[in-house]
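See structure below.
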Amino acid sequence: MTRFFTLIPAAGSGSRMDSELPKQYLFLNDKPMIYHSINTLYHNKLITSIFVVLAPDDCNWIKHDWSEFSDKLIVLNCGGATRAESVLNGLAIAKQRNLIDNNDWILVHDAARPCLTVVQLDKLISELTHDEVGGLLAVPVSDTLKRSNIDNLVMRTEPRENLWQAQTPQMFRYELLTKALQNAKKLHITDDASAIEALGLHPKLILSDTYNFKVTYPKDLALAELIIHQRNNP
Ligand code: CTP
Ligand code: MG
């Protein structure tokens, strides 16, 4: 039987957010940002466990009450120096504890994408369940793209045809994802799909929308709050 697990890398420091508190703990609509990411994943019936990968020295997680998710939540304090390391460490520990099999689907979702919707998640899973490789949520690029030199002078306009912005969740089977991330250790990858691509495979892009953006800079917080507020107060 196909099983679905999610892994949330949440061991980053949020340097671009310019806040002492790691961004996944900043409050959005009265809850830490990561609460919203967990909440959407938790309510999907196919997903049986949610692994949350924290930094080994995380002292913020225990300040909050996670009991409403306790039947699915497994917290691992094994974050690494990069996102890819955090994901790989989490996968390794889950396997050591016999919680995952090679064929299980793993949905890796950033703690910093709190606006993921139930509809996007359902679509990702239903479109990829029978896929050989797996894939990710993504949106086609809409702006005109300029390539600059180091002085910010436009060198040329890049065609945006067939260009997409990668989001999460990114969904791959355990064995393939682990192999890909191990193989990509020396590459500077910022998502899981890049590791799969480095094996010569072609992850499938599942059309999402810009609401599922990654909260990165201080200005992003207000937008995320607005999106979540509107969703909770239709
Ligand atoms: N992440 C992680 N381990 C790391 C770095 C990042 O688990 N060593 C996680 C973050 O917590 C986040 C996700 O990966 O949920 C996406 O990373 P990003 O948005 O880049 O977050 P940060 O690395 O924390 O932010 P920044 O790059 O601005 O420092
Ligand atoms: Mg980062």
Side-chain angles (χ1 to χ4, degrees), residues 1-11 34 37-54 69-80 82-111 113 116-138 164 166-187 189-208 212:
M1 201 186 77
T2 310
R3 298 190 301 176
F4 298 86
F5 297 104
T6 73
L7 186 149
I8 303 181
I34 188 174
S37 307
I38 294 171
N39 194 33
T40 302
L41 297 165
Y42 178 82
H43 286 100
N44 185 294
K45 290 201 170 66
L46 293 172
I47 294 169
T48 46
S49 301
I50 301 169
F51 299 102
V52 178
V53 177
L54 303 178
F69 305 124
S70 58
D71 57 323
K72 290 193 182 181
L73 212 51
I74 299 168
V75 179
L76 306 172
N77 280 84
C78 61
T82 62
R83 181 187 182 281
E85 250 183 58
S86 296
V87 174
L88 196 52
N89 291 352
L91 292 174
I93 292 190
K95 190 70 190 264
Q96 277 165 26
R97 294 192 194 168
N98 278 329
L99 299 171
I100 301 189
D101 289 332
N102 282 345
N103 254 344
D104 293 333
W105 283 110
I106 312 294
L107 283 80
V108 183
H109 182 57
D110 293 329
R113 287 186 195 272
L116 172 70
T117 64
V118 168
V119 174
Q120 289 161 342
L121 180 60
D122 287 351
K123 188 176 170 200
L124 178 80
I125 293 177
S126 68
E127 292 199 22
L128 293 179
T129 300
H130 302 294
D131 198 272
E132 276 295 302
V133 176
L136 61 148
L137 290 180
W164 297 65
Q167 300 181 339
T168 70
Q170 303 202 350
M171 175 171 156
F172 300 101
R173 291 187 189 271
Y174 174 85
E175 190 175 26
L176 178 62
L177 180 57
T178 306
K179 181 178 157 199
L181 288 170
Q182 272 162 356
N183 173 67
K185 268 185 180 166
K186 292 208 174 86
L187 309 174
I189 57 159
T190 52
D191 73 346
D192 316 288
S194 309
I196 305 286
E197 293 154 41
L199 296 180
L201 297 171
H202 303 286
K204 191 167 182 184
L205 296 161
I206 306 298
L207 181 65
S208 175
N212 183 30

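Scope of the values below: all heavy atoms of this structure, side chains included, with no hydrogens, waters or symmetry mates.
- With sequence neighbours excluded, the residues that form a salt bridge (Lys or Arg N to Asp or Glu O under 4.0 Å) with Arg83 are Asp110, Asp192.
- Leu205 contributes atom CG, which lies 11.0 Å from atom CD of Glu127 (distance to the nearest 0.5 angstrom).
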Could you walk me through whether Phe69 and Asn39 pass the side chain to side chain contact (heavy atoms under 4.5 Å, CB included) check? CA-CA 8 Å; Phe69 305 124; Asn39 194 33; 3.6 Å; yes
Determine, stepwise, if the pair Thr40 / Val118 fulfils side chain to side chain contact (heavy atoms under 4.5 Å, CB included). CA-CA 6 Å; Thr40 302; Val118 168; 4.3 Å; yes
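- Closest of all the heavy-atom pairs between Gly135 and Leu128 is N-CD1, 3.3 Å.
- Remark: Tyr174 OH to Leu91 CG distance equals 5.5 Å, nearest 0.5 Å.
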Side chain to side chain contact (heavy atoms under 4.5 Å, CB included), that's the test. Do Val53 and Ile93 meet it? Break it down for me. CA-CA 10 Å; Val53 177; Ile93 292 190; over 6 Å; no
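- Residues Leu137 and Leu124 share a closest heavy-atom pair of N-CD1, 3.8 Å.
- Paired with Leu7 under the rule side chain to side chain contact (heavy atoms under 4.5 Å, CB included), one option of Ile74, Ile100, Ile106, Leu177 passes, and it is Ile106.
- Side-chain atoms of Asn212 and Thr117, non-hydrogen and from C-beta on, never get closer than 4.5 Å to each other.
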Hey, mind stepping through Asp191 and Ser194 against side chain to side chain donor-acceptor pair (under 3.5 Å) and telling me if it holds? CA-CA 6 Å; Asp191 73 346; Ser194 309; 2.3 Å; yes
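- Screening Arg3, Lys95, Arg173 against Asp104 for a salt bridge (charged side-chain N to carboxylate O under 4.0 Å, His left out) leaves a single residue, Arg3.
- Counting heavy atoms from C-beta outward, Leu88 and Lys185 have side chains that approach closer than 4.5 Å.
- Contact record, Lys72 with Asn44: NZ-O, 3.0 Å, taken as the closest heavy-atom pair.
- Distance check: Ser86 OG to Ile8 CD1 gives 13.0 Å after rounding to the nearest 0.5 Å.
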Before giving the answer on side chain to side chain contact (heavy atoms under 4.5 Å, CB included), spell out for Leu187 and Glu197 the whole-Å C-alpha distance, their side-chain angles and the decisive distance to 0.1 Å. CA-CA 12 Å; Leu187 309 174; Glu197 293 154 41; over 6 Å; no
Identify every side-chain donor-acceptor pair in residues 45-52 under 3.5 Å, counting partners at least two apart or on other chains, and give the distances.
residue	atom	partner	partner atom	Å
Thr48	OG1	Phe4	O	3.3

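- Within 6.0 Å of NZ on Lys123 lie more than 12 heavy atoms contributed by other residues, nucleotides or ligands.
- Remark: Asn183 CG to Thr178 OG1 distance equals 12.0 Å, nearest 0.5 Å.
- For the pair Gln170 and Ala166, the tightest heavy-atom approach, listed with the atom from each and the gap, is NE2-CB, 4.2 Å.
- For Glu175, the CD atom is loosely surrounded, since the number of other residues' heavy atoms within 6.0 Å does not exceed 12.
- With values rounded to the nearest 0.5 angstrom, His43 atom NE2 is found 11.0 Å from Leu41 atom CG.
- Between Tyr42 and Asp71 there is a side-chain heavy-atom pair separated by less than 4.5 Å.
- The two residues Pro169 and Leu116 come nearest to each other via the heavy atoms CD-CD1, 3.6 Å.
- Taking both residues in full, the closest heavy atoms of Leu181 and Ala84 are given as CD2-CB, 4.2 Å, listed atom of the first, atom of the second, then distance.
- Atom CD1 of Ile38 and atom OG1 of Thr6 lie 8.5 Å apart (nearest 0.5 Å).
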